[in-house]
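Worksheet: the structure to be examined is printed underneath.
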Amino acid sequence: MARAADPAPTKQIEDLLTCCVCTETLEEPKTLPCFHSFCKKCLAKYIEVQREKAQKEQGAQHLFDCPMCRTQFELKQGDSVERIPPNYFINNLLEILPVIRQQTQKLRCESCKAQAQATCRCIECERYLCKNCLTAHKNWPDFEQHLVMTLEELAKRENQSKAKGKPRCQKKGHGDKYLEFYCNTCHELACMSCVVLNHSKANHDYHPIDAVAEQHKKSLKTTSAILQRTSNEVKTTLQKINHATERLQVNTKRAKDMILEQEKEILQKLTQKVKHNTAVLLGEVDRAHNIVNQRLVQQHDEMKAYHEKVNGSLDFAKNIIEKASNDEILLLGTEIQVNAKDIKKDCPKMKKPIHDGLIVYLTKTTETIVGNLNLNELGEVACDRLPLNADRGSIHY
């Protein structure tokens with residue numbers, strides 16, 4: 001029984017071959033210098049939108065940010081995405097994607113007109129074969145040394161590269177020959193014709209692809225290890241940033257709650273103090289009223305008593321004038337006059353109110369009262385490592 005393909009590498013390949021713009025499998029992929037790939041039409045639309053935006057803002061129309069990682073790449077004004085070279089590796093992965101997905105997608109035979117369901121692939125012929133074509137392939141003497149692998153075998157991680165087509169030279173006149181050499185001097189793949197025509201000079205260092213690939217693979221493993229360490233460090237930093245962000249949300253709410261609680265407490269204390277001071281002032285008004293009122297009442301009582309005394313003598317004098325006989329007038333007139341002089345002497349010296357009844361409250365403006373509270377010293381907001389008034393661009397960790 002064939003062992004099922006490892007789902008983890010399959011998922012990695014499918015992610016690599018998914019356009020982050022349309023989230024579909026790449027079509028006519030274009031790979032940017034940062035190694036992120038996009039569908040040709042998706043990238044073309046993105047660049048068109050960015051150019052229109054740059055034109056409105058009068059910005060650069062030849063520099064763009066990768067939609068995935070924001071790494072900047074250049075595409076000169078007037079150039080289309082056709083100028084972005086295809087990625088050989090990505091294109092080859094797209095070729096073997098049906099093999100990886102063979103459990104859900106049925107491959108068709110590439111050797112018969114019936115296009116029956118494929119069961120295997122000839123590595124040398126670079127063709128998928130059905131059962132009938134496989135039988136004919138085995139019976140053909142020239143194909144005895146050809147390596148044939150089942151789809152289940154090709155789906156294994158270690159065999160996936162064998163499902164890719166062999167690279168062929170695209171230069172005119174080279175007959176679509178296999179690219180079998182790599183020139184270290186020119187940093188390019190070459191077929192036999194390329195070697196004879198372009199790389200045969202003494203200063204050209206070229207070798208078979210397999211030999212050079214092993215050297216490059218060793219270097220790439222070292223580079224991959226460095227990148228892996230960097231990736232782990234960045235992942236750890238991202239986790240710390242996420243933790244800090246979550247902590248920031250919690251502490252921000254806590255700080256706001258503390259400020260609101262302080263506000264509530266201050267208002268409560270302030271209200272109590274205002275009420276206390278108000279009561280004190282009301283008491284002072286009552287005391288001032290009582291003192292003045294007491295003196296006015298006393299003055300009133302004294303003046304009223306004197307008034308009654310004066311009126312008593314006045315009424316008696318009037319009755320004598322109107323009703324008394326001459327002898328009565330003679331007997332009492334002198335006494336009344338003496339009494340009147342005595343009453344005049346008893347007149348209180350203060351004939352005006354000892355107080356005019358005016359009592360006022362000399363208030364201060366609310367702005368002055370509140371301003372003197374020094375509310376600017378309620379507290380302060382502080383961040384552990386980043387001052388609120390610092391220039392973010394100048395902060396280094």
Side-chain angles (χ1 to χ4, degrees), residues 9-102 104-108 110 115 118 121 126-128 154-155 160-174 176-179 182 186-191 194 209 213 216 220 227:
T10 301
K11 179 66 167 58
Q12 291 175 0
I13 292 176
E14 289 185 337
D15 289 345
L16 185 63
L17 299 179
T18 298
C19 174
C20 74
V21 176
C22 66
T23 67
E24 300 290 340
T25 301
L26 291 168
E27 291 186 10
E28 299 183 82
K30 293 294 180 179
T31 305
L32 300 179
C34 57
F35 302 113
H36 287 126
S37 299
F38 307 90
C39 296
K40 175 182 172 182
K41 61 180 181 180
C42 292
L43 188 59
K45 180 64 177 177
Y46 170 77
I47 290 175
E48 179 184 353
V49 171
Q50 294 302 309
R51 277 178 171 163
E52 290 177 356
K53 183 178 178 182
Q55 187 174 9
K56 291 180 181 178
E57 298 176 356
Q58 296 182 347
Q61 299 182 29
H62 62 284
L63 296 176
F64 307 93
D65 293 335
C66 169
M68 190 73 174
C69 68
R70 300 182 184 176
T71 298
Q72 201 169 68
F73 67 96
E74 183 176 4
L75 189 63
K76 293 181 180 180
Q77 182 67 20
D79 287 348
S80 68
V81 292
E82 292 289 351
R83 300 286 296 178
I84 300 175
N87 186 285
Y88 181 75
F89 175 68
I90 295 296
N91 287 337
N92 280 343
L93 281 181
L94 284 172
E95 286 186 15
I96 69 169
L97 188 60
V99 177
I100 300 172
R101 292 174 171 173
Q102 60 173 303
T104 57
Q105 294 183 0
K106 303 302 180 182
L107 294 172
R108 299 300 174 185
E110 296 177 328
Q115 291 187 333
R121 178 180 174 86
E126 299 182 12
R127 287 177 177 269
Y128 291 105
L154 286 173
Q160 287 176 1
S161 61
K162 295 178 182 179
K164 301 176 183 178
K166 295 178 181 179
R168 298 177 182 272
C169 186
Q170 302 297 320
K171 294 182 180 179
K172 293 182 179 180
H174 290 199
D176 202 25
K177 293 181 180 179
Y178 289 124
L179 295 170
Y182 181 79
C186 302
H187 301 291
E188 67 180 21
L189 297 172
C191 66
C194 291
I209 287 178
H216 281 234
L220 282 174
L227 290 174

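Only heavy atoms go into these numbers, but all of them, side chains included; no hydrogens, no water, no symmetry mates.
A donor-acceptor contact shorter than 3.5 Å links the side chain of E110 to the backbone of Y128.
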(Q) Run the side chain to side chain contact (heavy atoms under 4.5 Å, CB included) test on L16 and I90 for me, step by step, so that the C-alpha distance in whole Å, both residues' side-chain angles and the decisive distance to 0.1 Å come before the verdict. (A) CA-CA 8 Å; L16 185 63; I90 295 296; 4.0 Å; yes
Q: Would you check, one step at a time, whether the test side chain to side chain contact (heavy atoms under 4.5 Å, CB included) holds for R51 with L75?
A: CA-CA 11 Å; R51 277 178 171 163; L75 189 63; 3.9 Å; yes
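Applying the side-chain contact (heavy atoms from CB on, under 4.5 Å) rule to L189 yields the partners L179, Y182, I209; only residues at least two apart in sequence or on another chain are considered. E48 is linked by a side-chain contact (heavy atoms from CB on, under 4.5 Å) to K45, E52, counting only residues two or more places apart in sequence or in another chain. Taking the side chain to side chain donor-acceptor pair (under 3.5 Å) definition, one finds that E188 meets it with H199, sequence neighbours left out. Considering only residues two or more places apart in sequence or on other chains, D79 meets the salt bridge (charged side-chain N to carboxylate O under 4.0 Å, His left out) condition with R83. Scored by the salt bridge (charged side-chain N to carboxylate O under 4.0 Å, His left out) test, E24 finds no partners at all (sequence neighbours excluded). Not counting sequence neighbours, R127 has no partner by the salt bridge (charged side-chain N to carboxylate O under 4.0 Å, His left out) test. Applying the side-chain contact (heavy atoms from CB on, under 4.5 Å) rule to L227 yields the partners T223; only residues at least two apart in sequence or on another chain are considered. E28 pairs by the side-chain contact (heavy atoms from CB on, under 4.5 Å) definition with K40, not counting sequence neighbours. Taking E57 as the reference, nothing meets the salt bridge (charged side-chain N to carboxylate O under 4.0 Å, His left out) condition, with sequence neighbours excluded.
Of all heavy-atom pairs between C39 and C22, the closest is SG-SG, 3.8 Å. Here the shortest heavy-atom pairing between C66 and Y46 reads C-OH, 4.4 Å. Residues K30 and V81 share a closest heavy-atom pair of CE-O, 3.5 Å.
Within the structure, ring pair (Phe, Tyr, Trp, His ring centres under 6.0 Å) contacts touching residues 47-79 (residues at least two apart or in different chains) are F64-F73.
Put simply, the side chain of I84 reaches to within 4.5 Å of the side chain of L32, judged on heavy atoms.
Note: L17 CG to S37 OG = 8.0 Å, rounded to the nearest 0.5 Å.
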